[in-house]
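Worksheet for the structure shown next.
Naming convention: chains lettered A, B, ... in sequence-line order (proteins, then strands); numbering from 1 in each chain.
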Amino acid sequence: MKDILLQVDDLHASIGDKEILRGINLTVRPGEVHAIMGPNGSGKSTLSGVLAGNPVYKVTSGSATFHGLNLLELSPEDRSHEGLFLSFQYPVEIPGVSMVNFMRAAVNAKRAYLHEAPLSAGDFLKLMRQKRAIVELDNKLASRSVNEGFSGGEKKRNEIFQMAVLEPRLSILDETDSGLDIDALRIVSAGVNKLKTQDNATIVITHYQRLLDYIKPDYVHILYKGRIVHSGGPELALELEERGYDWIKEQVDNQ
Amino acid sequence: MNALTQYIDLYRAQQSVVNAHAPEALNRRRAAALAALEGMERLPRKGAAGFAAVSLEDMFAPDYGINIARVPFAANERAEFSCDVPNISTASALVVNDEFVPTASLAKALPEGVEVMSLARAAETYPELFAEPVEPRDNPIVALNTLFVQDGVFIRVKRGVRAERPVQLLSIFNAAAPLMAARRIKIIVEDGAQASVLSCDHPRVNDFDYLSCRVVEVTLGTNARLDFYDLEEASPRTARASVLTASMGTGSILNATGIYLNGGTTRNEYYAPLRRPGAQVRLGGMVIAGSGQRVDNATFITHDSPRCISRQLFKYALFDDAEGAFEELVTVCPGADNTDARQTNRNLLASPQARMHAEPQLIINCDEVKASHGATTGQIDEKALFYMRSRGIPEAEARMMLINAFMTDVLDHIELPALRERLRLLTDRRLRGCESTCRDCGIKTERGEA
């Protein structure tokens with residue numbers, strides 16, 4: 001078991017009175033890339049939100065263990081410190097909070113959690129410079145407010161930039177391809193691939209197969225009506241691309 | 001007995017003592033002020049029109065003493081008073097209760113053409129500058145201040161002089177008993193002159209209940225400009241009833257920014273009638289209030305001449321059971337063509353118990369007008385909060401950063417970079433819930449060094 005990074009068992013979660021996740025099971029090991037695909041409304045974003053600790057979702061039963069820790073007991077900030085990262089489908093604009101201050105607060109909060117001294121101003125700027133290069137993020141965005149006035153592509157690149165800075169063990173990319181043109185998609189995917197190591201893992205949540213041409217998955221899961229109804233290798237994504245989701249829906253709905 | 005009669009009776013009984021310790025130019029105004037007060041039934045209470053959060057009656061009701069005989073307070077003669085906004089200026093002075101106390105370096109620090117002195121001395125030296133009564137005469141705060149004022153601060157910037165460095169005033173209370181002080185700050189900026197004034201209200205340790213009944217009287221000549229920064233970081237036991245009233249010349253500019261970081265109950269009123277063409281008034285306000293604090297800003301701007309501009313930006317962040325109010329009245333008179341009046345009030349309630357009252361009013365009696373106003377009250381953006389937490393920023397820190405960000409445009413209007421940065425720091429510290437420590441700035445008084 002020690003090789004398991006994330007173990008999700010029979011996870012149920014709701015928003016308000018509505019149950020959205022209805023028994024998720026998932027095992028992720030270091031070095032793996034998992035794709036979670038599914039039609040709209042199947043619960044893909046809920047799953048990413050629940051794993052990251054978004055308080056709008058309520059976990060009603062089941063468990064999630066993150067390298068031996070009870071993930072569901074941790075605050076969103078501690079999940080981040082323990083190495084979980086969520087790339088948002090819709091990155092939030094925060095007027096008045098500069099990217100620099102935002103990242104400094106994030107980096108130093110993690111260092112404090114790990115009992116490390118805050119980074120010096122020089123080291124921090126060096127780190128920012130280094131990581132920006134990974135996704136070719138323009139330096140001028142650093143002085144702007146978080147995501148404010150960023151284009152769709154810049155927002156997504158900014159997510160991967162933050163991922164690069166925080167060096168997570170497990171990254172969840174929630175529809176990172178949505179709203180991206182082909183060039184931005186290439187840059188973002190290249191960034192994700194550069195950050196991949198034997199020790200970390202990635203969950204790619206996507207509606208379309210397109211992203212998986214760039215970020216190659218080891219496993220593909222199909223989420224439908226709050227459950228993973230089918231799992232397979234990379235070929236499953238191609239099959240979905242060809243046949244759509246209807247055959248899966250039929251299979252499940254006729255059971 | 002209501003609060004008003006208490007002061008009227010005190011004045012009637014002690015009139016000769018009040019007058020004996022004040023210059024004739026100030027004494028001359030007291031009879032009219034008394035008559036104005038006698039014409040009022042009582043001071044406005046909370047809930048009266050224009051008094052949504054604060055009761056003047058309750059503010060003035062406690063049995064405060066007034067040092068009308070000007071007994072020198074023996075304590076703290078050699079004390080070093082300190083300020084949270086250090087090194088902004090060497091041209092600084094203290095106001096202890098209502099008394100002007102120059103710093104040792106004040107005279108040397110003032111450039112030619114800039115006078116900063118005791119109001120009492122100025123009223124003796126230049127009685128002609130005190131010929132006009134302070135408007136609005138029938139305002140209870142103005143009338144009470146006029147009834148008891150004996151000293152304060154006088155600042156004059158002579159024609160065409162641009163005072164580079166700000167004048168810094170530090171007001172504190174120093175009395176071993178509850179005290180009301182009638183503070184008066186009179187600022188005259190003559191034609192074409194420019195000045196900036198930073199006023200800080202600060203607490204003293206081991207304080208009693210105090211009340212500052214303050215009038216800031218601003219006179220701007222043609223094309224004159226004043227930047228007035230008004231920081232309130234006082235003790236929760238210090239109440240303040242303040243009126244800033246401006247007489248604005250043609251093309252003159254008044255920028256007034258009021259910042260409330262700490263204190264007791266506060267009411268600030270602003271009167272800026274724009275009676276000459278091209279005058280501009282910009283009012284900014286930032287309020288961070290917590291447990292038990294009540295803060296009320298009321299603004300009255302009258303556009304009574306063409307091409308005048310008024311801008312208002314007031315923001316409140318209220319915690320715990322704090323209560324705030326913003327009442328504004330902009331009136332555009334017939335003939336005030338090409339008026340440009342904008343008002344914005346945004347409020348953030350950081351607790352379910354906090355209350356905010358916003359009453360923006362715009363009365364337009366003229367066709368050629370650009371005017372807008374908006375008031376919003378909301379909570380912290382939960383999406384932004386989660387986004388920040390998901391990056392590892394602890395919730396409390398994230399909240400603080402968001403509130404800081406919310407306030408940022410009020411502070412952006414502060415034109416002195418050093419002051420702006422200092423106020424950002426103080427805001428940050430206030431939001432972190434720290435008590436202010438003023439160790440890094442000591443202003444020595446002339447008497448202190450004597």
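Side-chain contact of B/Asn345 with B/Gln343: a donor-acceptor pair under 3.5 Å is absent, judged by distance alone.
For a residue to count as touching a neighbouring chain, one of its non-hydrogen atoms must lie under 4.5 Å from one of that chain's; by this rule A/Pro91 touches chain B with backbone and side chain alike. For B/Glu382, no part lies near chain A; criterion is any non-hydrogen pair under 4.5 Å. With a threshold of 4.5 angstrom between heavy atoms, A/Val56 does not approach chain B through any atom at all. Proximity to chain B is limited to the side chain of A/Asn147, based on heavy atoms less than 4.5 angstrom apart.
A cation-pi contact links B/Arg391 to B/Tyr387, judged by a cut-off of 6.0 Å to the six-membered ring centre and 45° from its axis.
Highest contact tally toward chain B, considering only A/Ser75, A/Pro95, A/Gly53, is held by A/Gly53 [criterion: heavy-atom pairs under 4.5 Å]. When each of B/Asn404, B/Asp409, B/Ile393 is checked for heavy-atom pairs under 4.5 Å with chain A, B/Ile393 comes out on top. Of the listed residues (A/Ala112, A/Ala106, A/Ser98), the greatest number of heavy-atom pairs within a distance under 4.5 Å of chain B belongs to A/Ala106. Note: B/Gly392 leads B/Pro394, B/Gly392, B/Ala398 in heavy-atom pairs under 4.5 Å with chain A.
Atoms CG and CD1, from A/Leu47 and A/Ile20 in turn, are 11.5 Å apart once rounded to the nearest 0.5 Å.
Around the OH atom of A/Tyr90, the shell of radius 6.0 Å holds no more than 12 heavy atoms that belong to other residues, nucleotides or ligands.
Ion pairing of A/Glu77 with A/Lys110 is absent here, as no side-chain N (NZ or NE/NH1/NH2) approaches a carboxylate O to less than 4.0 Å.
Aromatic pair B/Tyr270/B/Phe228: centroids not less than 6.0 angstrom apart.
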